[in-house]
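Proteins come first, then strands; the chains are lettered A, B, ... in the order of their sequence lines, and each starts at number 1. The structure presented is a predicted model; accordingly, all values stated were derived computationally and were not measured.
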Amino acid sequence: MTDASAASAAAPPAVRKSSLHQLDARTKKRNASEARFKAYGLGAVLIGVAFLVALLYAIISNGTPAFTQTFVTVEVPLEPEAVEAAEASFVKTSAYREIIYTALAERLAEAGIETDMGPEELGQILSSSEAGQMREFVLANPDRVGGTVEFRFFASSRVDGYSKGRVTRESLARDNNLSAAHLDLVDRMEAAGIVERSFNWDFIFGADASDSRPEQAGIGVAMLGSLFMMFVVLFLALPIGVAASIYLEEFAPRNRWTDLIEVNISNLAAVPSIVFGILGLAAFIQFGGLPQSAPLVGGLVLTLMTLPTIIISTRASLQSVPPSIRAAALGVGASKMQSVFHHVLPLAMPGILTGTIIGLAQALGETAPLLLIGMVGYIATNYPDGVASGFLDPNSAMPAQIYEWAKRADPAFYERAWGGIIILLLFLMTMNIVAILLRRRFERRW
Amino acid sequence: MDDLRLTERSVDQKEIKISASNVQVYYGETHAIRDVSVEIEDKTVTAFIGPSGCGKSTFLRCINRMNDTIDTARVSGDILIDGEDIYDKRVDPVQLRAKVGMVFQKPNPFPKSIYDNVAYGPRIHGLARNKADLDDIVERALRRGAIWNEVKDRLTAPGTGLSGGQQQRLCIARAVATEPEVLLMDEPCSALDPIATGQVEELIDELRESYSVVIVTHSMQQAARVSQKTAFFHLGNMVEFGETGKIFTNPEDSRTESYISGRIG
C-alpha cells in the first residue's frame, strides 16, 4: 500500500466529478509535453535560420569588396620613338613601365600633388600588370601611337586593400611593397580624381592572375570551364540516368541481379566524391589517355558522381506515378513502352527535371574530384585567345578556382575567394529557380 | 416483380464468346483460383459475385491477361476467346487488350483532356484515318458512354476535373472507343454514389447490345439488376454459374444460398 492510496482510503469515497473547465493532470501533462516539443522544433528552426543568416552575412560582407577594384587613371603619351624603342628592347614591359611611371609623375605634378618620390617608387601604387595592359593596347591599336591615350590601370592590391580597409598604415610598417607615405599620396590622388574605386567586370569575366597580382585575377575562365563540364554532365548523365531508371523501374524483372544493381546504385550515391576523382584519374587519364585538366574529363567524373542522384530521383518520381495510370493505358491496349512514354514519363517529368538540376547543381559545386584530375589549370588569358577554349583544353572550374584563391597567401586573394563563392551561389540559386519554374510549367500542362 | 423481370430477361442461347476450362492462378505460393471453368456468352452481361478475396477479380484479369503485369502471378488452364487460346505463345497481350477492354474499380482517366482520353486508344491502334474520323470516333464513344451531352462543350477540359460518376463513364467511353468485343468491368460502381451507379448500370444494360460484358461486383442487387448470367465465387472456386434469376431465387449450392441470404461473406 502506497501513501497515496492510504490517504484516499482515509477520505470518504467522493464521487469523482470531472469538470470540462478544469484540466485534469493527464491533460496538463500532455499539453505541456506538446508545448515542449513545439518549442524544441521552433528552437531547431531558429538555430538553422541563425546559421544561415550568419553564413550569408559572412559571404556577403567578405565577398562584395571583390567586385569593386581601385583604378588609377593616367594619360599616357604614346610617342612613336618610345614605343619603337620599347618593342626593340629585351624586356619590353619594363620599357613600357618607364613610360607609364613618367606619365604618372607628370599627372601628379599637373594635379598639383607634390611628392619627393621618384617615378620608380611612385609606380608601386600601380599593379604590376600595367605594362602588359599598355603593350596589349599598343599592339591591338597601332594607329593610336603618336597620340595620348587615357588608361585605367589597376592600383596595386595594397592600395586597393587600403581603400577597402584591409590595409592600414600600421600594417604597412613591415611591408616592402608599399609605405605609409604612399597611402598619404593615394589619399591626395583620390581627392584629385586620379584614383577611384569602381565596379570591376574583370573579376567576373577575367582570367586568373599570378600570386603577386591579385588585383588582376578574375573567375571568368573558371566559369567557362564549369560551363563546359556542365554540358558534358547534362548530355551524358540525363539520358543515361533516365534510360537506366526507366528500364529498372518499368521493364526489368525483379530478381537477384536487379536487387544487386539497386543496392549498388544507392551505395554509389553515398560514395565520397574524391573516390570518383581517383577513379577518373585512373580510368580516363591514365588508362583512357585523355588529357589532364580537361573539362571533358571533369565532366565525365562528375557524370559518374551525378548518375546515382539522377537515377534515384528519377526512379522515385516514376514510382510516384499512380499505378492506375499504367493499368488504364494497358487496359486500352497500349504496349508497355507506350504506357511509359505516353503517360508515365510526362507525369514523372517534373520530378526528373528537378532531380537532374539538383544533380547538376551538386556537380557544379564539387571540388574534391576536380583536384585529383587536375582541373585547377592556371589560365591567365581569357577566352577566346587563351587555351581554355574547348572541351579538351586545360581549364579550371569555379569551385576549384575558389579553392586555389583561398589557398594563396595574399589576403587580397582571400577576398576574391569569397567573391567567387557569391558568384557560385548565384549560379546555384539560378539553377534551383529554373528547377522550380520547370516543375511548375510541366505540372500546369493539364 | 423482380423475379418476373429476371426470368423475362433470360434470352435464347447465344454463341459462346469466352470459354475457360480448368483455369488455375497462383500468386507465388498462393493458389488464388482453383480449377475454374466457365462459358461466357456474347451480347450478355455476366456478373461475378462473391465475398472479398474470393478470386473473382483475379479471374477477370486473366481474361485480358492483366495478370501478366504481376511478376509472381502464374496462370494455367485454357481461356479461349472465339475459339482461340489467349495464353497461346503467338498471342501478344497488347493485341488481346485492344479486343478485350477493361474498366477499373477506381475511375482512372488520364491526366489529359476529355477528348485525348477517348482518342488515345484509337490513336495508338490506328483506327482513325484523319482528324474528322477521330472526332467521329470520340463522339460516338462518348455517346455510348452516355456522357456526350455533359461534356460536348468542354472536350478540351481535363478528364480528371469531372465528377466521379462522369469519370467512370468517361473511362467506359475510353474502353469502347477501341471497338473491343469483350468489356471487362472490375467493380465499376464501388467508388460511385447511388445516382452515378444508376447511370452506369443503365449504360451497362445498353452496352449488352454490342458487347459481351463481364462485371465483377460486390453488390448482389447490382448483379441482379444488370446481369443475365451470374457466377458465384468462393475461396478461389467457382461454386455456381447459371441464369441470374435462378442463382438468386433457387441456387443449387448451399454456399451460394448462404451468401445470397447474407450468412457468409
Side-chain angles (χ1 to χ4, degrees), chain A residues 244-263 314-354 438-446, chain B residues 60-61 64-72 92-114 116-127 141 156-161 167 170-180 183-186 191:
Chain A
S245 331
I246 291 177
Y247 178 75
L248 283 175
E249 199 55 47
E250 305 284 341
F251 293 96
R254 296 255 172 273
N255 59 27
R256 217 176 303 161
W257 290 109
T258 46
D259 282 351
L260 192 71
I261 289 171
E262 243 163 71
V263 168
T314 302
R315 292 192 62 182
S317 45
L318 287 175
Q319 270 165 16
S320 70
V321 174
S324 67
I325 295 292
R326 294 182 180 81
L330 294 180
V332 295
S335 68
K336 188 86 192 173
M337 196 167 135
Q338 283 171 329
S339 98
V340 170
F341 280 86
H342 294 165
H343 301 289
V344 178
L345 208 52
L347 284 175
M349 215 47 178
I352 295 175
L353 284 177
T354 314
L438 279 177
R439 196 179 187 126
R440 290 250 176 94
R441 219 189 109 69
F442 272 86
E443 274 176 352
R444 263 191 212 156
R445 247 186 22 184
W446 32 76
Chain B
L60 189 79
R61 293 164 63 90
N64 69 347
R65 290 185 60 174
M66 280 298 268
N67 282 336
D68 290 15
T69 57
I70 301 167
D71 281 339
T72 53
D92 187 291
V94 171
Q95 224 177 323
L96 169 73
R97 285 179 206 136
K99 198 171 170 171
V100 183
M102 186 156 189
V103 177
F104 297 86
Q105 185 172 359
K106 239 180 84 192
N108 56 354
F110 298 128
K112 296 177 189 274
S113 72
I114 294 171
D116 285 336
N117 259 286
V118 181
Y120 181 69
R123 267 194 198 126
I124 60 171
H125 298 299
L127 297 182
T156 51
T160 40
Q167 285 190 18
L170 176 65
C171 291
I172 295 173
R174 182 177 67 190
V176 298
T178 53
E179 302 289 339
L183 201 55
L184 306 179
M185 299 182 147
D186 191 355

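- In this structure, B/Phe110 and A/His343 have parallel ring planes: the angle between them is below the 30° cut-off, well short of the 60° mark.
- Contacts of B/Pro93 with chain A are absent, with no heavy-atom separation under 4.5 Å from either backbone or side chain.
- Residues of residues 323-330 of chain A lying under 4.5 angstrom from chain B, judged on non-hydrogen atoms, are A/Ser324, A/Ile325, A/Ala327, A/Ala328, A/Ala329, A/Leu330 by number.
- Side-chain atoms of A/His342 and B/Ile124, non-hydrogen and from C-beta on, do get closer than 4.5 Å to each other.
- Neither the backbone nor the side chain of B/Val103 comes within contact range of chain A; no heavy atoms are under 4.5 Å apart.
- The 12-atom threshold is exceeded at CD of A/Gln319, counting heavy atoms of other residues, nucleotides or ligands nearer than 6.0 Å.
- Within the 4.5 Å cutoff, the side chain of B/Arg97 has no heavy atoms near those of the A/Val332 side chain.
- No more than 12 heavy atoms of other residues, nucleotides or ligands lie within 6.0 Å of NZ in B/Lys106, so this atom counts as exposed by the packing criterion.
- Expressed to the nearest 0.5 Å, how far CZ of B/Arg123 lies from CD of A/Gln338 amounts to 12.5 Å.
- B/Thr69 touches chain A through its side chain: at least one heavy atom from C-beta onward sits under 4.5 Å away, while N, CA, C and O do not.
- In plain terms, the two heavy atoms of A/Ala334 and B/Tyr120 that are nearest each other are CB-OH, 3.8 Å.
- Contact between B/Asp71 and A/Arg254 at its shortest, heavy atoms only, is OD2-CG, 3.5 Å.
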